[in-house]
2 protein chains.
Amino acid sequence: MTSRNEAVPQTPLRADARRNVEALIEGARTVFARDGVDAHVKDIALEAGVGVATLYRHFPKRTDLVLAVLQHDVDECVETAQELAAAHTPMDALTLWLDRYCAFVLTKHGLAAALQSGEATFAGLGAQLLEQLEPTLDELLQGARVAGAMEGGASAMDLLRAVAHLCTPGPSHIDYTRRMITLLLTGLRQDPATQRG
Amino acid sequence: MTSRNEAVPQTPLRADARRNVEALIEGARTVFARDGVDAHVKDIALEAGVGVATLYRHFPKRTDLVLAVLQHDVDECVETAQELAAAHTPMDALTLWLDRYCAFVLTKHGLAAALQSGEATFAGLGAQLLEQLEPTLDELLQGARVAGAMEGGASAMDLLRAVAHLCTPGPSHIDYTRRMITLLLTGLRQDPATQRG
DNA sequence: TGCCAAACGGAATCTGATTCCATATAGTAG
DNA sequence: CTACTATATGGAATCAGATTCCGTTTGGCA
């Protein structure tokens with residue numbers, strides 16, 4: 001929940017304002033889930049029980065709201081990894097976490113897709129979110145490598161991106177996604193560099 | 001270029017209308033490339049040298065235009081496969097074609113992303129395009145299997161989707177994409193089903 | 001050459017995002 | 001406890017862009 005890049009405002013937010021920000025993020029999550037990323041700003045304000053001006057005060061662009069929702073969930077994802085790492089063998093933790101991460105992306109696939117299409121605004125932002133997850137996965141990978149469970153040449157960032165994109169087809173293709181991730185993990189156990197062509 | 005699902009109109013298009021449709025697709029391709037998928041309808045009409053009403057007559061929804069452009073390129077992609085299959089060994093043809101396909105998706109990644117986010121309108125349409133590519137890739141895969149070059153359990157559709165999604169990060173990550181595809185191909189040479197966990 | 005359905009261009013309309021402003025409130029000083 | 005003011009708010013006004021309407025033009029045919 002505590003975001004890595006939470007800009008601390010010059011003058012701290014007033015109590016009511018802080019409450020409204022919370023309500024807006026929560027409301028946005030609800031409405032996005034119900035109506036998709038293209039949900040109307042008005043509906044989000046309504047759901048949060050505030051006026052549109054309030055929404056715009058805290059999130060100057062529609063897209064800032066999308067981002068805030070994602071950020072919120074990314075934070076949760078990081079926490080999950082720490083819990084798993086503490087409770088399982090390295091390879092299990094890795095596999096389990098990728099499942100979680102996969103579920104996360106599936107849920108948010110609409111939002112994730114928006115990150116890709118809206119040229120300027122979002123360029124690099126998806127990347128920024130991934131960067132926050134990277135150390136998390138990297139730790140899991142290191143664990144698995146130390147345990148001798150894999151040797152593949154792909155980095156944590158590579159994998160994050162791969163899984164993120166593998167997951168975008170939508171919730172109805174979990175089987176497909178699983179198969180592809182299995183394929184990737186299988187490939188990871190080899191040294192891919194020399195086998196192409 | 002000749003699309004698989006080109007609805008034949010009851011009364012054939014008048015000559016000028018046919019010309020305008022061409023101009024619109026071409027213009028849309030240009031403007032999308034320049035301004036992104038969210039380009040203004042007006043600009044597209046301008047580029048094509050027609051009024052907006054003309055655009056709407058032929059493409060009732062903005063998105064129909066996006067689709068038309070994609071369709072156009074998918075057709076080209078299919079042709080390429082046939083040429084490659086005729087000129088190379090099965091595994092080479094497969095690898096080369098995946099490179100082409102990859103380039104195709106990279107170029108169109110904005111359009112492709114739009115397919116994912118705009119919930120209702122596009123749902124299943126990305127899939128429809130992929131279905132047109134499927135027999136193409138399937139033939140290449142069969143060729144490679146017959147030649148004994150692979151045995152993996154992923155289907156043509158699986159691969160198409162995987163590559164499509166691997167390519168979405170954007171043009172600046174060709175290295176990443178290559179590595180991931182290599183990883184997939186490596187995994188494909190194994191029997192993935194039993195190796196997970 | 002004349003007819004008229006098909007097609008056209010651009011103005012009008014409609015929808016939804018963003019901004020403005022008069023009013024209300026949290027937080028603080030007296 | 002009350003007054004004060006910067007911060008925050010709600011809803012109306014504005015703006016941008018997509019879609020529709022309608023009077024005019026044109027291709028194809030008798």
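Because the structure is predicted, anything quoted here is derived from the model rather than measured. In what follows, every chain begins at residue 1, and chains take the letters A, B, ... in the order their sequences are listed.
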Let me know the distance between CG of Leu46(B) and P of dG17(D), rounded to the nearest Å.
-> 14 Å
Could you state the OH-P distance from Tyr56(B) to dT13(C), rounded to the nearest angstrom?
-> 17 Å
Whole-Å distance separating the NZ atom of Lys61(A) from the P atom of dT18(C) | 6 Å
Search all heavy atoms of Arg62(B) against all heavy atoms of Ala39(B) and return the closest pair with its distance.
-> NH1-O, 2.7 Å
If you check every side-chain atom of Ala17(A), which of dA18(D), dG10(C), dT9(D) has the closest atom?
-> dT9(D)
Just call it for Arg62(B): base, sugar-phosphate, or nothing, with non-hydrogen atoms closer than 4.0 Å on any strand.
-> sugar-phosphate
Quick one: do Glu22(B) and Arg19(B) make a salt bridge, cutoff under 4.0 Å?
-> no
Side-chain donor-acceptor contact under 3.5 Å, Gln82(A) with Glu139(A) = no
Hey, could you give me the CG/CZ distance between Asp16(B) and Arg14(B), rounded to the nearest 0.5 Å?
-> 4.5 Å
Using side-chain contact (heavy atoms from CB on, under 4.5 Å) as the criterion, point out the one residue from Thr30(A), Val31(A), Val50(A) that pairs with Ile44(A).
-> Val31(A)
Between dG10(C) atom C1' and Lys42(B) atom NZ, what is the distance in whole Å?
-> 9 Å
Starting at CG of Asp16(A) and ending at C1' of dA6(D), how long is that distance when rounded to a whole Å?
-> 12 Å
Give one of base, sugar-phosphate or nothing for Val52(A), where a contact means two heavy atoms less than 4.0 Å apart.
-> base
Verify the contact: side-chain N or O of Arg14(A) to OP1 or OP2 of dA8(D), cut-off strictly under 4.0 Å; return yes or no.
-> no
For His40(B) and for Arg57(A), locate the closest nucleotide of DNA chain D by heavy-atom distance; then report the residue assigned to the nucleotide nearer the 5' terminus.
-> Arg57(A)
Short side-chain N/O contact from Thr54(A) to OP1 or OP2 of dA8(D), under 4.0 Å = no
Looking at His58(A), does any N or O in its side chain come under 4.0 Å of the phosphate oxygens OP1/OP2 on dA8(D)?
-> no
May I have the distance from Asp43(B) (atom CG) to dG17(D) (atom C1'), rounded to whole angstrom?
-> 11 Å
5'-most contact on DNA chain D (nearest-nucleotide basis), Val41(B) vs Arg18(B), goes to Val41(B)
Tell me which nucleotide among dG28(D), dG27(C), dC20(C) gets nearest to the side chain of Ala15(B).
-> dG28(D)
Between dA7(C) (C1') and Leu55(B) (CG): distance, integer Å | 14 Å
Could you tell me the separation between the CG atom of Asp38(B) and the P atom of dA18(D), rounded to a whole number of Å?
-> 9 Å
